[in-house]
Amino acid sequence: MGAVESTEGEREPLLVPSQPATNTQPGLSRVYGRRWFVLTMFSLLGFMQGLVWNTWGPIQISAKHVFEFSSTDIAVLVMWGPVGYLPWLLFMSLMDKKGLRASLLLSAFFMVLGAALRSVPLKDLYYRRWMIHGGQLLNGLAGPTIMSAGPLLSTTWFAPDQRATATAIASLIGYLGSACAFLIGPLAVPAPNGTVGSTVYWNQNHIRDRIQFVLYAEVGMIAALFVAVLFYFPSRPPVPPSVAAASQRLSYRSSICRLLSNMRFLMVALAYSVPTGVIAGWAGVLDMILTPAKVSQVDAGWIGFWSIVGGCVFGVAMARFADYIRGMLKLILVLMFAGASLAATWFTLTCLTRLTHLPSTTATLYTSCILVGIFINSSVPIFLELFIETVYPVPEGITCGVVTFLSNLFTGLLLFCLTFYFTGNSNSKCCFDTL
């Protein structure tokens, strides 16, 4: 019985795979030590972007004294961060088509240019204020990439058992930068004489010099990071760290359409964007909020610092825990939001001491504010991981770009309302009149 050699057509499979095969074999995956350098550079840029964004809120009394800012100006300076997020679709498209390196270089360039504009020592206060506003807007334009590319970086460079931790570090480091602004600003820039907590007389020239020193230091650090990213920041490793990183994703247009038509995703995005957006805007003007409660500029800075730092530390710890237990993300978020609701209620009742007769002390303000920040900010990396699992195979950068845009939208709405509140509120006027 002679065997007949099969033809080429007979050797073709009967069932063709539904998706085209990728160039990378599923079995070939590798993690590189340089992934920590890439994460560090990205995180440092996020740190500086948050630091620059929150420059003026913690030193609002000193800034009013030197540059003749109003309370509305301070709120608008913070609001430039969410406004800079409006062209987020362009940045997401650039990230999807050209990779993370091109998008990050453009964002870093905006940060350098914005920090340089703020530090130009013009004597004309009218033009100086406009330069500061322009610098804050340029720094806000770096937000779409800095705030949404963390999960993309972690998926591209890190193994699955390290992905949640890397996402937490990349996404929370910007919060740490804004937290350090609460610490650096009041400690480096003294409050004017006659304000709460001021026991030493500082003239206007000394306060201006200290503010200028902070601005110069920030532009120097951002310029150094821009040069480092320019010399070395690859978009992806030579070999992907996992099968998920090598798999084919949806196109940019298909991803946007799928996200906007996915009701489950939109519900989770709303649950993420409302609390995180409100707490971000609230933290940006925390000093002005606590001023009527006779809280000094330094004390308000410490409250803001510990509330955000606590959220960052707790968030990284919870993300590390989530790396080992992947099925409890929803339960973790429910517990975090329950704690945030209780802490926010405590803070509100403490501020309404005339109605509730609860003691309003420094300890209660510290504790309630810090707990709110811890519970809300620590939920960010858990939410981002939940988004990625919900809408796969939509690219991580596009997914997080949509949700961070919604978060910035609620931040902008809060600050927009506060501009009218500060304009008509006699308390904010009295704070300015006492200078």
Side-chain angles (χ1 to χ4, degrees), residues 34-55 58 81 84-85 91 95 100-101 103-105 107-108 110-112 115 139-140 142-158 162-185 217-218 221-222 224-226 228-229 233 272 276-277 279-280 283-284 304-320 322-323 373-374 376-385 388 396-397 400-401 403-404 407-408 411:
R34 73 190 77 166
R35 69 190 187 278
W36 297 110
F37 174 81
V38 173
L39 178 63
T40 300
M41 297 307 301
F42 180 85
S43 300
L44 288 176
L45 279 174
F47 178 89
M48 293 306 303
Q49 203 267 343
L51 181 67
V52 171
W53 171 74
N54 198 31
T55 297
Y85 219 94
F91 286 93
M95 190 187 308
L100 182 57
R101 173 179 170 82
S103 184
L104 193 64
L105 276 176
S107 300
F110 283 142
M111 290 174 60
V112 172
N139 183 75
T145 299
I146 296 296
M147 296 181 65
S148 61
L152 173 62
L153 185 147
S154 63
T155 303
T156 305
W157 284 91
F158 287 84
Q162 298 176 339
R163 194 181 68 188
T165 304
T167 299
I169 295 173
S171 59
L172 290 176
I173 201 69
Y175 292 84
L176 184 61
S178 61
C180 288
F182 282 112
L183 183 62
I184 295 173
E218 290 175 351
M221 289 185 286
I222 295 174
L225 288 174
F226 173 73
V229 172
F233 192 93
Y272 164 83
T276 56
I279 197 68
F305 173 78
W306 286 116
S307 64
I308 299 178
V309 169
C312 293
V313 174
F314 194 68
V316 173
M318 294 306 298
R320 192 58 185 162
D323 275 331
I374 287 177
I376 296 296
N377 293 328
S378 61
S379 68
V380 172
I382 307 299
F383 263 116
L384 296 181
E385 282 297 309
I388 294 173
E396 294 82 0
C400 296
V403 297
T404 51
S407 177
N408 277 269
T411 301

With sequence neighbours left out, the residues meeting side chain to side chain donor-acceptor pair (under 3.5 Å) with Y85 are T404
Show me, pair by pair, the donor-acceptor contacts under 3.5 angstrom made by side chains of residues 41-55, not counting sequence neighbours?
from	atom 1	to	atom 2	distance (Å)
S43	OG	L39	O	2.7
Q49	NE2	N139	O	3.0
W53	NE1	V78	O	2.9
N54	ND2	S178	O	2.9
T55	OG1	L51	O	3.1
T55	OG1	V52	O	2.9
T55	OG1	R118	NH1	3.2

Quiz item: Heavy atoms, side chains only, cut-off 4.5 Å: are F182 and I308 in contact?
Solution: yes
For I374, the side-chain contact (heavy atoms from CB on, under 4.5 Å) test, sequence neighbours excluded, returns F314, I370
task: Output yes when a side-chain donor or acceptor of R101 lies under 3.5 Å from a complementary backbone atom of V229, and no otherwise.
output: yes
Indicate yes or no for a side-chain donor-acceptor contact from T40 to the backbone of W36 under 3.5 Å, with no hydrogens or angles considered. yes
Show me, pair by pair, the donor-acceptor contacts under 3.5 angstrom made by side chains of residues 142-149, not counting sequence neighbours?
from	atom 1	to	atom 2	distance (Å)
T145	OG1	S103	OG	2.6
T145	OG1	S107	OG	3.2
S148	OG	P144	O	2.2

Correct closest heavy-atom pair for Y272 and V403 would be CE2-O, 3.7 Å
Side chain to side chain donor-acceptor pair (under 3.5 Å) filter on T411, not counting sequence neighbours, yields none
Residues at least two apart in sequence or cross-chain that pass side-chain contact (heavy atoms from CB on, under 4.5 Å) with V309, listed by chain then number, are L176, A179, F305, W306, V313
So CZ of F37 and CH2 of W157: to nearest 0.5 Å the spacing works out to 10.0 Å
